[in-house]
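Heads up: the structure comes next, in structure tokens.
Just so it is clear, the model here is predicted, and its values are computed rather than measured.
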Amino acid sequence: MKKGRDLLKTLCKSSRQQLMNCVLQMNESERYSFNPSLHWNPEVQAYLVNAYGAHHFARISKALTQPSCYSCIRVNTLKTTTDAVIDKLSKILQETGVPNDVGKHNDLFKADAQIGPIFKCQLPGLDYVLFVRGSGPHDISYQFTEDRPLKEVIVSRKCAEAVLRGAQVFVPGVLACSAHVEEGDVVAVSVALEQSTSEGKWGTGITRGTVMQGLQTDPHYIERSGLYIGQGKTMMSRAGIFRALQGIAVDMNDRVYRLPSFNDVLEGEIFLQNLPSIITAHALDPQQGEKILDMCAAPGGKTTAIAILMKDKGEVIAADRSHNKVLDIQKLAVEMGVHCVTAHKLDATKSVRLKDQSIDEGPCSKEDTCLNIQNSGEESLKTNTLSTDVLQDMETQSHHVIREQAKNGVYTSKAEQRKIDRRLKNGSGRKSIGDRVEKSKGFAPDSFDRVLLDAPCSALGLRPRLSSGEETIESMRKHATYQRRMFDQAVQLVRSGGVIVYSTCTINPGENEAVVRYALDTYKEWLRPGEEDLVQRFDPSSSLDTIGFFIAKFNVGPKYT
């Protein structure tokens, strides 16, 4: 056994030395560049190569490492107009600066380049969708010299993927930093990717707070070659970055990809959303006065899109199994100003109410507190934002409860103290509308005109993506099994003559076309022929330059004969 371990160490050391020799031969432009490649699980790669063909899959894999060359914005037509938003965004971009060049051709960019960086979508019926051009990839000059190593910041993969989409480097995303970094320093920003360990786990191998020397002995010096996403100015010192809990660590002023950021801009008037997600709500074709279910609704982008398409007239039920995500749906609905949305905590695989439960009570019992946006509105939003005074008051109440228990000879453990704090933070339960989410008992069969199932999936179509090795054939199969269970629930909930739209953000055919095949084979007695023709696959390597996505629309015929 020991000989085997020694041999493995020798092989790893030899392999690393070979990589080191290659790095020594690199020039500045090769090392300090952004040229990532995805490393797939071998079985997954073989499966996807078989599905798409080797050349096509190689293009998809490369496209996934890059962000789209534009930002996609959905305009809230309940509050404003597309032209008004264009005017406002144009002024904002003039103040902050806009990209001077378009990175690559896109079929959506049919307007003349002289019109400007913002323009309407040219697809029929989607004139409420705006595109804002970005650019890249750009070559960054890091002014590297051998006698003076760069000051560097290494960030996590998720942080880097957000930066490539236009975000700043926030404190939680920083893993390591050069010594003697002070506020205002110019730093090169690179990403550390997760590596698989011998135990089958994934990690970066970098302890947060590690000091970087800019030398070949630094952690992941070799692996970071070709993974530099830009440079920026530090907003805190090194000590501040690793002491603070939040805030911007690096203001990225020179990026490989330049996409405008619209965080906290025109809140309630616009919503940043991928084009296929917008088309999903459009494909559902919701009508005023209908009752619609969004089965896996968080964070609420498609839910609010549906409500706006209905002009806020009807009933949209948004369900999610996570307490906090249900609160996110409620917050977004309030922000967008829609009142026809009701949010429930519910597992999508248990969406149909059991027969022994009272139908008269509706999806929640009379004493349950569901997050009805129309009723709770602004109050629920306020309760979710805790001021310093409120937190101090909660702490005082917590100590009071513990003191009272101590008087009665009751010892309070730290775990129990945390429970008391959570109860005080969440409010008094049913009386505090918007803070508590009671579990829904499900819905009666045939109770919805339309059902959207945007199913949880392997998410292999999301971009930019810098890592893909964790997904396995087995995990992809589990996703598909779970999706079929949810589809069975959707079938029971939609009425005869209704519509089901099924969508995912993955490129895995087993979660896409295979689920459609399952639906057609299982429910052939009432699904109309030719439903396959309505399937829409979004290819990330196509000139549309979207995320990888899949949409299938089912028109439901007579369910009972």
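Within a 6.0 Å sphere centred on CG of D139, heavy atoms belonging to other residues, nucleotides or ligands number 12 at most. Counting non-hydrogen atoms of other residues, nucleotides and ligands closer than 6.0 Å to CZ of R321 gives a total of 12 or fewer. Within a 6.0 Å sphere centred on NZ of K62, heavy atoms belonging to other residues, nucleotides or ligands number more than 12. Within 6.0 Å of CZ on R243 lie no more than 12 heavy atoms contributed by other residues, nucleotides or ligands.
Contact of the V174 side chain with the F242 side chain is registered, since non-hydrogen atoms from C-beta on lie closer than 4.5 Å. In this structure, T546 and N274 have side chains that are not in contact, with every pair of non-hydrogen atoms separated by 4.5 Å or more. For the pair E511 and Y482, the minimum side-chain heavy-atom distance is 4.5 Å or more. Counting heavy atoms from C-beta outward, F34 and L466 have side chains that approach closer than 4.5 Å. Between L452 and L293 there is no side-chain heavy-atom pair separated by less than 4.5 Å. Under the 4.5 Å side-chain criterion, counting only non-hydrogen atoms from C-beta, I154 is not in contact with T210. Contact annotation: the side chain of Q273 approaches that of K302 to within less than 4.5 Å [non-hydrogen atoms, C-beta and beyond]. In this structure the side chain of V451 reaches within 4.5 angstrom of the side chain of M295, judged on heavy atoms.
There is a side-chain donor-acceptor pair under 3.5 Å between D488 and Y518. A side-chain donor-acceptor contact under 3.5 Å links T349 and D347. A donor-acceptor contact closer than 3.5 angstrom links the side chains of T504 and N512.
Here CG of D454 is found 9.5 Å from OG1 of T303. Values are rounded to the nearest 0.5 Å. The OH atom of Y142 lies 7.5 Å from the CG atom of D254; values are rounded to the nearest 0.5 Å. Interatomic distance, I86 CD1 to F119 CZ, rounded to the nearest 0.5 Å: 10.0 Å. Rounded to the nearest 0.5 angstrom, N508 CG and C457 SG are separated by 9.0 Å. We find the CG-CZ distance between L126 and R74 to be 11.5 Å, quoted to the nearest 0.5 Å. Note that OG of S503 and CZ of F549 are 4.0 Å apart. Values are rounded to the nearest 0.5 Å.
The main-chain N or O of E152 is found under 3.5 Å from a side-chain atom of S178 such that the two form a donor-acceptor pair. R537 places no side-chain N or O within 3.5 Å of a backbone atom of F550 that could act as its donor or acceptor partner. With Q122 contributing its side chain and K120 its backbone, the two residues share a donor-acceptor pair below 3.5 Å. Side-chain atoms of S68 come within 3.5 Å of backbone N or O of D545 as a donor-acceptor pair. Between the side chain of T522 and the backbone N or O of A519, no donor-acceptor pair lies under 3.5 Å. T234 places a side-chain N or O within donor-acceptor distance of the main-chain N or O of D185, the cut-off being under 3.5 Å. For R157 (side chain) and T204 (main-chain N/O), no donor-acceptor pair under 3.5 Å exists by modelled atom type. Q483 places no side-chain N or O within donor-acceptor distance of the main-chain N or O of A455, the cut-off being under 3.5 Å. Panel note: side chain Q168, backbone M252; a donor-acceptor pair is recorded below 3.5 Å. Distance alone, capped at 3.5 Å, is enough to place a donor-acceptor pair between the R465 side chain and the A459 backbone.
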Are V516 and F554 close enough, and set up right, to give a side chain to side chain contact (heavy atoms under 4.5 Å, CB included), and what steps lead you there? CA-CA 9 Å; V516 173; F554 299 85; 4.0 Å; yes
Side chain to side chain contact (heavy atoms under 4.5 Å, CB included) for I279 and Q536? Distances and angles first, verdict last. CA-CA 10 Å; I279 292 177; Q536 175 67 58; 5.8 Å; no
Would you check, one step at a time, whether the test side chain to side chain contact (heavy atoms under 4.5 Å, CB included) holds for I306 with R450? CA-CA 11 Å; I306 291 168; R450 300 171 196 264; over 6 Å; no
I would like to know whether K553 and D285 meet side chain to side chain contact (heavy atoms under 4.5 Å, CB included); could you show each step before the answer? CA-CA 10 Å; K553 181 174 182 178; D285 193 26; 4.2 Å; yes
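For the pair C69 and L259, the tightest heavy-atom approach, listed with the atom from each and the gap, is C-CD2, 4.0 Å. Pairing each heavy atom of V153 with each of C177, the nearest pair is CG2-SG, 4.1 Å. Taking every heavy atom of both residues into account, S71 and F262 meet most closely at CB-CE1, 4.3 Å. Between S351 and A348, the shortest heavy-atom contact is OG-O, 2.8 Å. Pairing each heavy atom of M476 with each of L460, the nearest pair is SD-CD1, 4.3 Å. Nearest heavy atom pair, residue L453 against residue C296, reads CD1-SG, 4.0 Å.
Between Y32 and Y228, the angle of the ring planes goes over 60°, which puts this pair in the perpendicular group of the 30/60° scheme.
Between K325 and D320 there is no salt bridge, since no side-chain nitrogen of the basic residue lies less than 4.0 Å from a carboxylate oxygen of the acidic one. Contact check on E161 versus R165 returns no salt bridge, with no Lys/Arg side-chain nitrogen under 4.0 Å from an Asp/Glu carboxylate oxygen.
By the side chain to side chain contact (heavy atoms under 4.5 Å, CB included) test, Q246 is found to be paired with no residue, residues two or more places apart in sequence or in another chain being considered.
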